[in-house]
**Student:** 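What follows is a single structure, and I will ask about it in a moment.
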Amino acid sequence: MLVQSKLLRLRRIHRLLPSTFSSVRRCRSYSSPPLRNDAGLTVTQVVELLQNPLNHWDYDKLRPFLFEASHHLLHITIRLNSIPKALDFINFLGDRTEHHQALSRVFEGALELATQHPNSQKELLMLHSYRKSIGGRIALTSRSGFLLLKCLGKAQMVEDSLILFKELDSSSKSSEICNELLKGLFRSGGIDGALHVLDEMLERDSDFPPNNFTGEVVFRVLGEQERRGRSFADEEIMGLVTKLCEHGVFPDTFKLTQMITKLCRHRKNGVAWEVLHVVMRLGGAVAVEAASCNALLAGLGRERDIQRMNKLMAEMEEMGIKPSVVTFGILVNHLCKARRIDEALQVFDKLRGKGEGNNRVGVEPDVVLFNTLIDGLCKVGREEHGLSLLEEMKTKKQSRPNTITYNCLIDGFCKAGNIGKARELYSQMIEEGVQPSVVTLNTMVNGLCKHGKVHNAVEFFNEMKGKGLKGNAVTYTALISAFCGVNNIDKAMQYFDDMLSSGCSPDAIVYYSLISGLSTAGRMDDASVVVSRLKQAGFGLDLTCYNVLISGFCKKKKLERVYEMLNEMEVTGVKPDIVTYNTLVSYLGKIGDFETASNVMKRMIKEGLEPSVVTYGAVIHAYCLKKNVDEAMKIFEQMCSNSKVPPNTVIYSILIDALCKNSNVEKAVSLMDDMKIKGVRPNTTTYNAIFKGVRDKKMLQKAFELMDRMIEDACSPDYVTMEILTEWFDAVGEIEKLKCFVEGYPVSSSSALSPTSNCF
DNA sequence: TAAAATCCCT
């Protein structure tokens with residue numbers, strides 16, 4: 001009976017323990033009032049007693065402390081001020097009593113001493129190992145559990161943490177302890193364990209509900225960019241946020257924004273939306289500020305989700321969440337990217353107070369907003385309007401034009417072909433003291449290259465190098481593509497080497513442009529070298545790159561290399577598209593391998609790819625090469641009746657050429673008429689084919705008629721046309737008509753006007 | 001400490 005009542009009393013004391021944290025801290029000054037046990041000894045006297053060697057310790061004098069006031073043992077242990085002595089004390093008592101509370105208190109004291117130690121982490125771990133070595137016979141107090149979990153968490157000892165947590169009885173568990181465990185588990189990537197602990201904390205009427213520190217830990221982890229171990233499932237994120245908010249624990253603006261940003265970056269707009277709305281619903285405008293909404297708006301904008309952007313903006317207004325200048329920046333950017341530039345300008349005018357309701361929002365447009373608009377205007381060819389905004393910026397202190405402002409405008413004028421204005425803007429920015437960046441350099445170089453001024457581009461680049469501005473992968477891509485474009489492959493290769501030796505790190509695109517240039521030039525060996533260099537640099541080929549290479553190898557009739565590419569595509573998981581199949585079908589048709597060509601087409605259809613006009617063209621071309629024009633015409637008829645893929649200019653040209661070569665000029669002429677009816681515009685190649693046919697059949701009148709039609713179609717003759725017609729017209733004495741034709745006058749004798757009079 | 005703007009390949 002007596003023992004039982006004592007135990008009960010002890011348990012009551014025990015329950016008070018979490019609140020003794022602060023008193024423990026106060027004890028560290030070792031100035032607690034003298035406490036006396038039943039044997040008349042004060043705490044100070046006991047501490048003195050324990051300073052004696054171990055064999056002088058008197059258990060009987062100590063005993064009352066063990067039962068009457070075990071919490072005094074904590075003070076005594078701390079005042080020993082020595083961890084080895086504390087351990088002696090534990091061993092001494094452990095040999096003499098079964099009383100767990102006493103041991104627990106002394107152990108707690110030892111842990112407190114360890115936290116004071118300069119190398120506290122090591123000492124705490126040592127005490128943990130000690131406790132483990134005696135089989136965990138020492139029960140843990142709440143404070144002990146807290147200290148040990150904190151240290152195990154730091155040491156990332158997940159297993160030990162979990163075991164320790166399980167050992168704690170539920171009355172010793174507290175929110176603080178759970179938080180420490182969570183922190184440790186998250187630190188070592190043990191999400192599953194952490195979620196389990198959180199489940200307990202988040203239960204209804206939990207003894208250790210989540211507090212703000214729990215929120216700190218959990219929300220920080222949810223917002224982290226990358227983490228080891230597995231990441232959270234969408235439902236887990238939603239569940240945690242919802243339940244924590246239901247317990248009144250909300251993320252701060254920073255963490256909420258970070259969480260939403262992360263979700264949006266991982267293309268999880270749906271979850272991001274839900275998260276924000278849970279916090280909005282449970283916490284209201286106090287818990288959600290514009291920054292978090294901005295993060296979601298930006299994510300929605302990236303996915304072009306206009307509807308939800310509008311909905312969120314409306315909700316912000318309804319809840320009284322004040323939009324910031326960034327909010328409007330995102331909105332304007334989105335409208336510009338959707339090419340809805342006039343709506344963007346309307347929003348902008350509202351901010352400037354130019355529209356109706358003078359600036360109700362109280363947000364001044366900043367540099368970014370101006371830049372966004374200027375870029376938007378330039379991208380739709382309204383660079384002059386952009387220029388007027390530049391002037392407006394110059395008059396405002398808070399939004400002076402910066403490098404990006406000029407970059408946008410320079411690019412706009414370059415793309416519009418106004419290189420002169422682009423150069424002028426460049427000089428202007430230098431005059432205004434706005435520093436050009438590598439983007440400025442790239443924009444100018446690319447603009448000059450795209451307008452046939454490769455030499456000027458090189459000059460500009462060298463000039464900038466002299467000013468200490470280095471080029472990057474983008475600069476070299478522009479130059480390499482330009483030199484490939486004018487078939488100066490050696491120069492392109494030289495720039496590629498320059499790039500590598502100048503220490504510029506190439507991106508995948510610069511490799512792609514060189515591979516494409518080399519392949520189109522038929523230099524497949526060089527292309528292969530670049531491919532292996534690309535792989536060495538850790539990049540992979542993409543679909544278009546494979547297509548370009550396959551096409552190059554086909555032209556060189558290197559079938560084994562084509563198959564090599566196709567195999568590689570399969571291994572690396574790059575799925576062939578219609579372009580790949582068309583290239584193959586076209587090649588197989590040209591070498592006359594109809595069987596393989598038809599197998600490839602079957603596979604293409606099996607893969608769910610519909611034959612395109614190019615596929616039909618390849619097949620028709622193949623039949624024509626085999627002099628099987630009848631079969632080619634049959635396919636053509638099929639295309640005409642199946643309106644899904646109507647024949648285009650190329651298909652007509654192929655057939656007209658083949659019919660003419662097959663001496664069926666009448667049919668070819670009727671196809672020309674068919675084109676006119678169907679509204680398919682012939683090009684120079686088409687006319688060259690039919691001219692050859694009518695020349696071989698000496699159908700002079702038909703030739704005149706076609707010449708007039710060629711002029712009507714605004715299609716100009718090239719050197720092939722002239723070759724076909726000159727000798728023939730010379731022989732039949734009609735060379736004057738050819739002159740008229742070249743000048744763009746009608747020549748058909750059925751014309752009412754006298755053509756010759758017009759010619760001279 | 002998080003949220004909006006510029007340049008390159010097919």
Side-chain angles (χ1 to χ4, degrees), chain A residues 219-220 223-225 251-262 264-265 272 289-302 323-337 344 363 365-379 386 399 401-412 414-415 436-447 449-450 471-482 484-485 499 506-517 519-520 534 539 541-549 551 577 579-580:
Chain A
F219 293 130
R220 188 177 59 229
E224 271 167 9
Q225 285 313 308
D252 60 37
T253 296
F254 175 75
K255 291 204 190 65
L256 180 58
T257 307
Q258 214 176 29
M259 260 165 64
I260 289 170
T261 309
K262 182 190 166 193
C264 290
R265 293 240 164 94
E289 287 177 61
S292 309
C293 300
N294 292 345
L296 182 55
L297 282 169
L300 294 170
R302 246 173 265 136
S324 66
V325 68
V326 177
T327 316
F328 291 103
I330 296 164
L331 182 66
V332 164
N333 182 40
H334 171 261
L335 288 169
C336 287
K337 292 287 163 347
V363 170
D366 63 356
V367 191
V368 176
L369 201 48
F370 270 102
N371 290 348
T372 311
L373 268 172
I374 289 175
D375 186 55
L377 286 163
C378 287
K379 290 269 168 4
S399 53
N402 62 13
T403 308
I404 297 178
T405 320
Y406 280 101
N407 290 347
C408 295
L409 283 163
I410 290 172
D411 189 55
C414 279
K415 296 263 155 73
S437 68
V438 68
V439 178
T440 323
L441 165 67
N442 296 339
T443 308
M444 283 300 298
V445 166
N446 188 51
C449 284
K450 288 284 148 64
N472 63 13
V474 180
T475 331
Y476 288 100
T477 303
L479 288 168
I480 288 168
S481 314
C484 285
M499 172 185 69
D507 60 8
I509 295 176
V510 71
Y511 283 103
Y512 294 168
S513 57
L514 190 56
I515 290 167
S516 149
S519 298
T520 357
L534 165 140
F539 298 109
L541 294 171
D542 69 354
L543 179 60
T544 27
C545 225
Y546 276 117
N547 285 344
V548 155
L549 284 162
S551 161
D577 68 348
V579 178
T580 324

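Throughout, a chain's letter reflects where its sequence line sits, starting with A, and its residues are numbered from 1.
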**Student:** For DNA chain B, note the earliest and the latest nucleotide, 5' to 3', having some atom under 4.0 Å of a heavy atom belonging to chain A.
**Tutor:** dT1(B) to dT10(B)
**Student:** Using a 4.0 Å heavy-atom cut-off, does N472(A) contact any base of the nucleic acid, only the sugar-phosphate backbone, or nothing at all?
**Tutor:** nothing
**Student:** Under 4.0 Å between any heavy atoms, over every strand shown, what does T257(A) touch: base, sugar-phosphate, or nothing? Just pick one.
**Tutor:** base
**Student:** So what does D542(A) touch, heavy atoms closer than 4.0 Å: a base, only the sugar-phosphate, or nothing?
**Tutor:** nothing
**Student:** Using salt bridge (Lys or Arg N to Asp or Glu O under 4.0 Å) as the criterion, list what pairs up with D542(A), not counting sequence neighbours.
**Tutor:** none
**Student:** Please check if the side chain of K415(A) supplies one atom and the backbone of K379(A) the other of a donor-acceptor pair under 3.5 Å.
**Tutor:** no
**Student:** For N402(A), answer base if it contacts any base atom (sugar-phosphate contacts may also be present), sugar-phosphate if it contacts only those atoms, and nothing otherwise; contact means non-hydrogen atoms under 4.0 Å.
**Tutor:** base
**Student:** For K450(A), enumerate each residue passing the salt bridge (Lys or Arg N to Asp or Glu O under 4.0 Å) test, keeping only those at least two apart in sequence or located in another chain.
**Tutor:** none
**Student:** Under 4.0 angstrom, heavy atoms only, what part of the nucleic acid is R302(A) near: base, sugar-phosphate, or nothing?
**Tutor:** sugar-phosphate
**Student:** Would you mind classifying the nucleic acid contact of A291(A) as base, sugar-phosphate or nothing, using non-hydrogen atoms under 4.0 angstrom?
**Tutor:** base
**Student:** May I ask you to check whether D366(A) and S399(A) show a side-chain donor-acceptor distance below 3.5 Å?
**Tutor:** no
**Student:** Which part of the nucleic acid does I330(A) contact within heavy-atom distance under 4.0 Å: base, sugar-phosphate only, or nothing?
**Tutor:** sugar-phosphate
**Student:** For the residue pair N547(A) and D577(A), confirm or rule out a side-chain donor-acceptor distance under 3.5 Å.
**Tutor:** yes
**Student:** Would you say the side chain of L534(A) lies within less than 4.5 Å of the side chain of Y512(A), judging by non-hydrogen atoms?
**Tutor:** yes
